[in-house]
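Notes to accompany the following structure.
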Amino acid sequence: METDLQLESTVWVGSKIYRAVLTGWQFNWTELDKKNRDKKTISVPVAEVVGVEEGRVEILPQKLIDDTDKVFTVFYVKRSSTGSSYGLLWTLGRTQFSVPSRVLRDQWTKHLRAALKTHSPVRPNRLLVFINPYGGKKKGRKIYHSLVAPLFELAGISCHVIVTERANQARDHLLKKDLTGFDGVVCVGGDGMFSEILHGLIGQTQQEAGLCENDLTVTLQPCPRHIGIIPAGSTDCVCYATVGVIDPVTSALHIIIGDSQPLDVCSVHQASGLVRYSVSLLGYGFYGDVLAESEKHRWMGPLRYDYSGTMMYLSNRSYAGIVQYLPADPLLSSPRDRTRCLSGCSVCSRSTERLFPHSSDAGSLYSSHYNQFSSDSEGEWVTVEGRFRCVSLTCMSSSCPKSPLGLSPSAHLADGTGDLILVWDTHPLGFLKFLYRHTSTEDQFDLPFVEVHRVKAVRFSLPPSKEEEEYEEIGGLSGGMDEEERGYIETVSRSGSQQHLADRGPGREMTNLQKTGNPFLCGLCCSKAPAVSVWNCDGEILPSIEILSRVHGQLVRLYARGIEDGAAVHCSEDIERGCTLQI
Ligand SMILES: CCCCCCCCCCCCC/C=C/[C@@H](O)[C@H](COP(=O)(O)O)NC(=O)CCCCCCCCCCCCCCC
Ligand SMILES: Nc1ncnc2c1ncn2[C@@H]1O[C@H](COP(=O)(O)OP(=O)(O)O)[C@@H](O)[C@H]1O
Ligand SMILES: [Ca+2]
């Protein structure tokens, strides 16, 4: 039977006989018993077909074609569970179908390819790929060439590949070069590499739109090009939080089928303008200190964070600060509602309508000029002041292999809000409990010294000190600082003399905790504890301490679909057992 995009015929897979049906949206094949009764069906959405080839074809470890003229091979997405309750691994499924004639083989390949084109308009044709050869365990190049490039080739995607030779090369390329013809940009690396792409694409989009990124009140233009992440870094938080697993093949398959996941982005400003953008962690105190310390130990690779985390935990620091935040509408969601933002999240879908009210679909959201910041009436600014172990803002859960539920397990990828986590100064064991809960399902917010707020904007400032009324901003980007400066910053007082902040300012006085706390811990580092920390902005140290950050709802789009609920989706083991694959 043959209609427009429909086709049905008898096929053989190995020695077994099947009835294959293409309905346009779905391709399925049902095993038949000797009396022609249905036995089991395997069903693949056309949107998840990766490619169709004539003959018997293998692509991994290398492409082998045996062009038997009555055989065609279909490649598609196959799921398997990771063992944890969330996140599914995707692998390349491959089935070789034999048919009675070459004419029928040609009909099948023609119809399947036509269905692919019709139902997958969002698939990329051409991609710009940046590989950081030094990210994570330095395997970026190998991961791309052995696991990812063959899949892109199979799917007919052409790629322009650039192996970076210096930091910020990818960002500068995106800002300066003409990107016409590229549907998306792929980074092979970690969160730092993703951040480069993020900055390049956001900057390039605003340049083209004639918008000023330094203006805190401006509604930024969402980026039309998608970003793909092939994880090859140290934390790989953006990949983990948007895909649910750290696996280059899974990520490559999401890119190939043109999945689309909008993502909130925080812009971080100081008085003179934009400092950076952040998606995963904007953290002062502990996370800032861990990053500053870890930069000295880059040679350790990903382990540098565990080492520096332990050192910074043992140094038992807390910092004075004033935090102001603009709460989001509490009726929409809450950081403690124990829900999770999963693929197809209804909170995020409702936010799309709220953030882009004039658009009927995601494609037209780029023309929206709704001001998400100044026209909101969600609430008044709230001010808190005191000493904090850490102050963190994240506009998604920031789950990563170290913390599978993340910094804020109920945060949403694309709801236009961020979660502000305030950890007040506390006993070392209390802080350890807080940290440790990130590794389990126990609620890290259910502690008396922890607060979490769903917010649209946050301001951080230092309290006026007794001797110095005002701190000047720290000059220069962290990239330009030397090692001493990166960690514990010296700043110039108004009188012009250079002085280590540890010796003055609010943090100079020991807290009661430090006076009475564990003498070993205090002996280790407290005597040199600095008065101020630094901001960790997605793995980069910010040049300023006093900042204002604002969440821009759905500013970029990734080739991802959010975390698939492993418990709700049948996996490939089910295919083998003969259940229909439900999507
Ligand atoms: C006791 C165990 C405590 C485990 C605590 C885990 C908290 C993990 C939160 C992770 C948030 C990740 C947010 C992502 C940040 C990334 O953008 C960013 C850049 O990544 P890249 O290098 O791949 O480019 N990564 C980071 O800034 C790294 C932050 C990692 C912090 C890890 C801290 C580990 C702490 C270990 C403490 C051990 C205390 C032991 C005391 C005896
Ligand atoms: N060729 C290069 N040489 C040095 N640094 C680079 C290069 N390419 C990218 N970078 C920088 O390396 C940093 C870390 O990269 P990333 O891929 O995130 O690895 P990791 O997760 O291990 O930190 C990023 O900030 C990025 O700007
Ligand atoms: Ca969010």
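Treat the numbers as computed from the prediction; the structure is a model and nothing was measured. Counting starts at 1 for both ligands and their atoms, in listed order. The analysis underlying the following values was restricted to heavy atoms, covering all of them including side chains, and did not include hydrogens, waters or symmetry mates.
Atom 21 (O) of ligand 2 has its closest protein heavy atom at S234 N, 2.7 Å. Counting protein heavy atoms only, atom 17 (O) of ligand 2 is closest to G190 N, 2.8 Å. Distance from atom 27 (O) of ligand 2 to its nearest protein heavy atom, with residue and atom name: E196 OE2, 2.3 Å. Among all protein heavy atoms, the one lying closest to atom 23 (O) of ligand 2 is R304 NH2, 3.1 Å. When only non-hydrogen protein atoms are considered, atom 12 (O) of ligand 2 lies nearest to N132 ND2, 3.4 Å. Summary of contacts: the protein heavy atom closest to atom 14 (C) of ligand 2 is R298 NH2, 3.6 Å. In terms of protein heavy-atom proximity, atom 3 (N) of ligand 2 is nearest to Y134 CD1, 3.3 Å. Considering only non-hydrogen protein atoms, atom 18 (O) of ligand 2 sits nearest to G192 N, 2.8 Å.
Proximity of the aromatic rings of F130 and H173 is defined here by a centroid distance below 6.0 angstrom, and this criterion is met. A distance below 6.0 Å separates the ring centres of W535 and F460. Ring centroid separation for the pair H254 and Y559 does not come in under the 6.0 Å cut-off.
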Enumerate the pairs of nitrogen or oxygen atoms, one from ligand 1 and one from the protein, separated by less than 3.5 angstrom; state names and distance to 0.1 Å.
{"from": "ligand 1", "atom 1": "17 (O)", "to": "D191", "atom 2": "OD2", "distance (Å)": "3.3"}
{"from": "ligand 1", "atom 1": "17 (O)", "to": "S280", "atom 2": "OG", "distance (Å)": "3.1"}
{"from": "ligand 1", "atom 1": "20 (O)", "to": "D191", "atom 2": "OD2", "distance (Å)": "3.4"}
{"from": "ligand 1", "atom 1": "20 (O)", "to": "T235", "atom 2": "OG1", "distance (Å)": "3.0"}
{"from": "ligand 1", "atom 1": "22 (O)", "to": "R304", "atom 2": "NH2", "distance (Å)": "3.4"}
{"from": "ligand 1", "atom 1": "22 (O)", "to": "Y305", "atom 2": "OH", "distance (Å)": "2.5"}
{"from": "ligand 1", "atom 1": "23 (O)", "to": "S234", "atom 2": "N", "distance (Å)": "3.4"}
{"from": "ligand 1", "atom 1": "23 (O)", "to": "T235", "atom 2": "N", "distance (Å)": "2.7"}
{"from": "ligand 1", "atom 1": "23 (O)", "to": "T235", "atom 2": "OG1", "distance (Å)": "3.4"}
{"from": "ligand 1", "atom 1": "24 (O)", "to": "D191", "atom 2": "N", "distance (Å)": "3.3"}
{"from": "ligand 1", "atom 1": "24 (O)", "to": "G192", "atom 2": "N", "distance (Å)": "2.9"}
{"from": "ligand 1", "atom 1": "25 (N)", "to": "T235", "atom 2": "OG1", "distance (Å)": "3.1"}
{"from": "ligand 1", "atom 1": "27 (O)", "to": "N536", "atom 2": "ND2", "distance (Å)": "2.8"}

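To the nearest 0.5 Å, atom CZ of residue R171 and atom NZ of residue K176 are 8.0 Å apart.
Those atoms of ligand 2 that come under 4.0 Å of a heavy atom in E540, given as number and element, are 25 (O). Applying the 4.0 Å criterion to heavy atoms of T164 picks out, from ligand 2, the atoms 1 (N), 2 (C), 7 (C), 8 (N), 9 (C). Residue M193 has at least one heavy-atom neighbour below 4.0 Å for each of these atoms of ligand 2: 9 (C), 16 (P), 17 (O), 18 (O). Near D191, with a cut-off below 4.0 Å to any heavy atom, the atoms of ligand 2 are 18 (O). Close approach of ligand 2 to G233 is summarised as follows: ligand atoms under 4.0 Å from at least one heavy atom of the residue are 21 (O). Residue contact check: G189 has heavy atoms under 4.0 Å from atoms 17 (O) of ligand 2. Remark: ligand 2 atoms within the under-4.0 Å shell around heavy atoms of E165 are 1 (N), 2 (C).
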- Message: With side chain to side chain contact (heavy atoms under 4.5 Å, CB included) as the criterion, how do V423 and F434 come out once you've worked through the C-alpha distance, each side chain's angles and the decisive distance to 0.1 Å?
- Response: CA-CA 9 Å; V423 183; F434 169 74; 3.5 Å; yes

- Message: With side chain to side chain contact (heavy atoms under 4.5 Å, CB included) as the criterion, how do T439 and S403 come out once you've worked through the C-alpha distance, each side chain's angles and the decisive distance to 0.1 Å?
- Response: CA-CA 5 Å; T439 64; S403 172; 5.8 Å; no

- Check against side chain to side chain contact (heavy atoms under 4.5 Å, CB included), S280 and M396: CA-CA 6 Å; S280 57; M396 58 185 201; 3.8 Å; yes

- Given the rule in the salt bridge (Lys or Arg N to Asp or Glu O under 4.0 Å) test, do R354 and D329 qualify, once you have shown the distances and angles that lead to the verdict? CA-CA 12 Å; R354 190 170 44 84; D329 185 346; over 6 Å; no

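Under the 3.5 Å distance criterion, the side-chain polar atoms of D538 are matched with a main-chain donor or acceptor of V279.
A salt bridge links D306 with K402: at least one charged nitrogen is closer than 4.0 Å to a carboxylate oxygen. R166 has a carboxylate O that lies under 4.0 Å from a charged side-chain N of D172, or vice versa, which qualifies the two as a salt bridge. In summary, R336 and D443 engage in a salt bridge, as defined by a charged side-chain N under 4.0 Å from a carboxylate O.
An N or O contact shorter than 3.5 Å is missing between T235 and ligand 2 by distance.
Using a 4.0 angstrom heavy-atom cutoff, R171 does not count as in contact with ligand 2. The shell of residues lying under 4.0 angstrom from ligand 2, judged by heavy atoms, includes G136.
Checking each of D264, T352, D415 against Q554 for a side-chain hydrogen bond (donor to acceptor under 3.5 Å, both in side chains) leaves exactly one that passes, namely T352. Here the rule is side-chain contact (heavy atoms from CB on, under 4.5 Å) with R557, and of P224, C223, S260, P222 only S260 fits it.
Between D236 and D191, the shortest heavy-atom contact is N-OD2, 3.5 Å. Counting all heavy atoms, side chain and backbone alike, C537 lies closest to Y277 at SG-O, 3.5 Å.
Taking the ring centre of W381 as origin, the terminal cationic atom of R459 falls inside the region bounded by 6.0 Å and 45° from the ring axis. Cation-pi geometry between R389 and F431 is satisfied (NZ or CZ under 6.0 Å from the ring centre, within 45° of the ring normal).
Of all the listed residues (A167, A232, C237), A167 holds the heavy atom that lies closest to atom 6 (C) of ligand 2.
Neighbours of the Ca ion (ligand 3) restricted to protein N, O or S atoms under 3.0 Å: the count is 5.
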